[in-house]
Amino acid sequence: MSVAGLKKQFYKASQLVSEKVGGAEGTKLDDDFKEMEKKVDVTSKAVTEVLVRTIEYLQPNPASRAKLTMLNTVSKIRGQVKNPGYPQSEGLLGECMIRHGKELGGESNFGDALLDAGESMKRLAEVKDSLDIEVKQNFIDPLQNLCDKDLKEIQHHLKKLEGRRLDFDYKKKRQGKIPDEELRQALEKFEESKEVAETSMHNLLETDIEQVSQLSALVDAQLDYHRQAVQILEELASKLKRRVRDASSRPRREYKPRPRESFDLGEPEQSNGGLPCAAPKTTGVSSSFRSSEKPIQTPSRSMPPLDQPSCKALYDFEPENDGELGFREGDLITLTNQIDENWYEGMLHGQSGFFPLSYVEVLVPLPQ
């Protein structure tokens, strides 16, 4: 920083201290400007919190939100097409129902009903995916862009305005001790920054129709989702009611127990109160031979070099999405990258993928 820059920073700091501690009064901005600044501040807080709450509404599960954040980061790195990137709870429920429905078989009314319900749950998951994509593209992304660009730019202009006000007030108090030209330049810069900040805030507040349109897009996406969800559930309810009627109209099959077998209880003096049983069969292997058998050895897991970043699996992890790395408890995984505070990237058996930090114990950490 140049000497002139250092002097200017000193002037600003000196003026700020005199206002905060000494009670000196600085240049007042007009009421219209203050009212505009207040509205922008409220708008900024509203947009920030609405973004957070919308993401929680789409995916209430904190673990899924963390996975969503990781997968979005990976998608940006790889340049993939935008998609939810995580399984919907309706889809997981549907897969569970279908799996058990198939196990019960076609002769079971409950099994057939589970298959119907499972297919409907999977359709609901597809509709929820469409809702997530629609809300992200037409509501979350535009509001995030507003935070990252327009609101951040306004804050930059206001910060610059405050700095130039402090510089101007410092020089105004020393009028006569500093050249008039320097004071005039400080005033011009202050008025220039005020005009720029005022214009940017005015443009934001006057174009809030864009935010209203984005809010309308959110509601339209919700309406479309709920219409489709109602249609799917009504179809499922009709199928299940029909199955109930069909099952109720069928004649019930009577259960006929098999005839009991007769048992020879033997002589009373030989009875100990239970049924006689055959003597256990003995094998021809002697105890000395058994003691000399060698224990079965399990194959050892591949061990990464001790100086290479690695971790040990504490639990089994089944991959649910493309790009995830599955492993079993006790597997030793080579660490290659840390995506965020919840997810790692690593290699096992020549395959690379992502996995949650909570499933492993880090043996050799990644270099900082």
Side-chain angles (χ1 to χ4, degrees), residues 1 5 7-58 60 65 69 134-175 182-222:
M1 184 180 293
K7 289 175 62 178
K8 187 172 293 186
Q9 292 299 324
F10 172 77
Y11 295 160
K12 294 177 184 178
S14 177
Q15 178 64 24
L16 183 62
V17 170
S18 64
E19 290 179 3
K20 298 293 184 182
V21 180
E25 188 172 347
T27 300
K28 297 293 183 181
L29 298 168
D30 56 83
D31 293 338
D32 291 341
F33 186 93
K34 290 182 178 179
E35 183 66 22
M36 197 179 299
E37 186 178 7
K38 182 180 178 181
K39 289 180 179 179
V40 168
D41 183 57
V42 173
T43 301
S44 177
K45 291 178 180 177
V47 169
T48 302
E49 187 166 0
V50 166
L51 276 173
V52 174
R53 300 302 179 191
T54 303
I55 294 174
E56 291 179 356
Y57 159 74
L58 291 176
R65 290 203 300 273
T69 302
E134 190 76 16
V135 171
K136 187 175 186 304
Q137 290 179 346
N138 298 325
F139 185 70
I140 294 179
D141 286 349
L143 285 187
Q144 190 64 56
N145 186 63
L146 178 67
C147 286
D148 295 340
K149 290 186 178 180
D150 297 349
L151 291 173
K152 188 174 290 186
E153 182 179 345
I154 290 174
Q155 292 303 318
H156 169 73
H157 292 321
L158 290 174
K159 184 177 180 181
K160 192 171 184 179
L161 171 63
E162 178 64 9
R164 289 185 170 181
R165 183 195 68 78
L166 291 171
D167 181 59
F168 168 67
D169 286 344
Y170 178 85
K171 292 176 180 177
K172 185 171 63 174
K173 286 195 309 184
R174 283 153 183 76
Q175 189 173 3
E182 190 174 340
L183 179 61
R184 185 185 62 80
Q185 289 179 357
L187 176 60
E188 287 180 354
K189 289 182 178 181
F190 166 68
E191 291 178 343
E192 177 187 352
S193 290
K194 179 177 179 295
E195 183 178 349
V196 171
E198 201 167 24
T199 302
S200 61
M201 290 190 296
H202 174 79
N203 292 338
L204 173 69
L205 297 175
E206 287 299 315
T207 57
D208 60 352
I209 184 63
E210 295 180 7
Q211 285 77 60
V212 178
S213 300
Q214 292 150 10
L215 192 59
S216 176
L218 169 65
V219 175
D220 288 342
Q222 290 173 301

Working to the nearest 0.5 Å, report the span between NZ of K45 and OG1 of T43. 11.0 Å
Can you spot which of L29, L204, L205, D30 makes a side-chain contact (heavy atoms from CB on, under 4.5 Å) with M36? L205
How many angstroms lie between atom CD1 of I154 and atom CG of L146, to the nearest 0.5 angstrom? 8.0 Å
State, yes or no, whether a side-chain contact exists between Q222 and Y57 at a heavy-atom distance under 4.5 Å. yes
Do V40 and L158 have side-chain heavy atoms sitting under 4.5 Å apart? no
Does T54 reach the main-chain N or O of V50 with its side chain, forming a donor-acceptor pair under 3.5 Å? yes
Atom CZ in R53, atom OG1 in T48: separation rounded to 0.5 Å? 12.0 Å
At what distance, to the nearest 0.5 angstrom, does CD of Q214 lie from CG of D141? 10.0 Å
L218 vs N138 side-chain heavy atoms within contact, under 4.5 Å: no
Is a donor on one side and an acceptor on the other found under 3.5 Å between the side chain of S193 and the backbone of F190? no
Mind checking the NZ-NE2 spacing from K159 to H156? Nearest 0.5 Å is all I need. 9.0 Å
State, yes or no, whether a side-chain contact exists between E191 and L187 at a heavy-atom distance under 4.5 Å. yes
Show the numbers, then the answer: is there a salt bridge (charged side-chain N to carboxylate O under 4.0 Å, His left out) between E188 and R184? CA-CA 6 Å; E188 287 180 354; R184 185 185 62 80; 2.3 Å; yes
CE of M201 to CG of D41, rounded to nearest 0.5 Å, is 11.0 Å
Please walk me through it: do D150 and T207 pass side-chain contact (heavy atoms from CB on, under 4.5 Å)? CA-CA 11 Å; D150 297 349; T207 57; over 6 Å; no
Is the NZ or CZ atom of R174 positioned over Y170's six-membered ring, under 6.0 angstrom from the centre and within 45° of the axis? yes
So among K171, R165, K173, which one has a salt bridge (charged side-chain N to carboxylate O under 4.0 Å, His left out) with D169? R165
